[in-house]
Amino acid sequence: MYKEAKRPAWAEINLMNLEHNIKCVRDKVGPNKEIFGIIKADGYGHGAFETSEVLKENGVTSFGVATLHEAISLREKGVTGEIITLGLTPSMYASEIVKYDFTPVVGLYENALAISEEAKKAGKTVHGLVAVDTGMGRIGLRPSEQDAISEVKKISQLENFKIKGLMSHFSTADAADKSYAEEQAKKFAEFHEEVKKAGIDISFCTLANSAAIMEMPNTYYDAVRPGIMLYGQYPSDEVDRTQMLLKPVMSVKANIVHLKKVAAGESVSYARSFIAERESLIATLTLGYADGFPRPYSRAAKVIINGAFAPIAGNICMDQCMVDVTDVPNVKAGDEVIIMGSDGKNTISAEDIATATGTINYEIVCAFGQRLPKVYIK
Ligand SMILES: *Cc1c(COP(=O)(O)O)cnc(C)c1O
């Protein structure tokens, strides 16, 4: 139990493991590539500011977030490095980009124009990335469209908006079959060639996410953009894990706050979703689906207590859940429970929870990061 957590349930964030993972990325891409540390969604639930500090200590000076809102919050906490807003920022917020010196991502001339005009008013120049949609189908100029090159040309001629570089994002780099990802990489390279042929001077390019860092070294260009791998999670179960031992940064733990015997036939949780088949010992934890412990996991869910697995009893509630600890040795109130993590012998990974609930490890760590207090281990 940690007094500073103010709650007997917490996400433990191991910053040594974060450092280990950053070093894995550095070893993989070599000394000459820039690393944009992707810390959107509060550092995938791990705490964006704390993550940025460890990244900075390890030579990372550029950070990627999703939204203007996230970017402002990091600046206000004192992050001085480059902050890239990876999503589109509507033109009505152009003045904020200028004010805080962010690096926006644009996919339209009008958006870049609005930013340029605000920058001019402030006597500044904004450096932004131009997004190219090579097959993700999310944001960016589409190379197949007639005016894509002229759009880049117009952006490049703006007075107070300078193009820092071109970027694109993979849809399937984490799949075993790399054919679509290679096609995207090819489209990106071709578009870059066309841009150069049109006399537009853009040398800087960035394309690779975690999966591409692991398996597509031909896509590193000038800067790579690792997200999930920094947090010690693999981008999918199809990537080759043997090349790199990533260490999970987040564990989720709680203490038993209440322990009781229930008789056979008595029920536990909403909808009487657990009915004791024998006299049982039931422990209560102060952690629920509002903390990222997914309600659809209730039936499959287990936790680790005193070296043994124990099943969740009944539906996970919003802020609490119950555990059937009848078969756990020496169990008592106050005992520490591992919801996600390892005791050295038994492990419950983010992927285990994701697989049981039909989602991906990304969503599990993001969700656990939202309300649980974070305890940082250095
Ligand atoms: C989220 C994101 C990344 C990082 O992706 P991972 O799969 O977590 O490595 C990189 N680039 C962009 C544009 C993103 O949105």
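Counting convention: from 1, in listed order, for ligands and their atoms alike.
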(request) Quick one: pull up CD1 in I304 and OG1 in T347 and give me the separation to the nearest 0.5 Å. (result) 6.0 Å

(request) State the atoms of ligand 1, each with its element, that fall below the 4.0 Å cut-off from a heavy-atom position in R138. (result) 15 (O)

(request) Name the closest protein heavy atom to atom 14 (C) of ligand 1, giving the residue it belongs to and the distance to 0.1 Å. (result) K40 NZ, 2.9 Å

(request) Look only at the side chain of D147 and the backbone of S150, and say whether a donor-acceptor pair between them is shorter than 3.5 Å. (result) no

(message) Taking only non-hydrogen atoms of Y44, do any sit less than 4.0 angstrom from ligand 1?
(response) yes

(request) Can you see which heavy atom on G334 is nearest to which on N255, and at what distance? (result) O-ND2, 3.0 Å

(request) Using distance alone, determine whether G227 and ligand 1 share an N or O pair under 3.5 Å. (result) yes

(request) Check H169 against ligand 1 and report side chain, backbone, both or neither, counting heavy atoms closer than 4.0 Å. (result) side chain

(request) Measure the distance from atom 11 (N) of ligand 1 to every protein heavy atom, then report the residue, atom name and distance (to 0.1 Å) of the closest one. (result) R225 NE, 2.8 Å

(request) Indicate, as side chain, backbone, both or neither, the part of M229 found under 4.0 angstrom from ligand 1 when only non-hydrogen atoms are considered. (result) neither

(request) Quick one: pull up OG in S251 and CH2 in W10 and give me the separation to the nearest 0.5 Å. (result) 10.5 Å

(request) Indicate whether any N or O donor in one side chain lies under 3.5 Å from an N or O acceptor in the other, for S91 and N111. (result) yes

(request) Return the residue, atom name and 0.1 Å-rounded distance of the protein heavy atom closest to atom 7 (O) of ligand 1. (result) Y362 OH, 2.7 Å

(message) I need the nearest protein heavy-atom contact for atom 9 (O) of ligand 1: residue, atom name and distance, please.
(response) S210 OG, 2.5 Å

(request) Fit a plane to each ring of F204 and F36, take the angle between them on a 0 to 90° scale, and name the class: parallel (under 30°), tilted (30 to 60°) or perpendicular (over 60°). (result) parallel

(request) Would you mind running through ligand 1 and noting each atom that sits below 4.0 Å from a heavy atom of M167? (result) 13 (C)

(request) Measure the OH-OH distance between Y362 and Y44 for me, rounded to the nearest 0.5 Å. (result) 6.0 Å

(request) Would you kindly specify which portion of M136 sits under 4.0 Å from ligand 1, judged on non-hydrogen atoms: side chain, backbone, both or neither? (result) neither

(message) Suppose I only count heavy atoms of I228 and a 4.0 Å limit; which atoms of ligand 1 are within that range?
(response) 6 (P), 8 (O), 9 (O)

(request) Indicate the atoms forming the closest heavy-atom contact of A308 with P329, along with that distance. (result) CB-CD, 4.1 Å

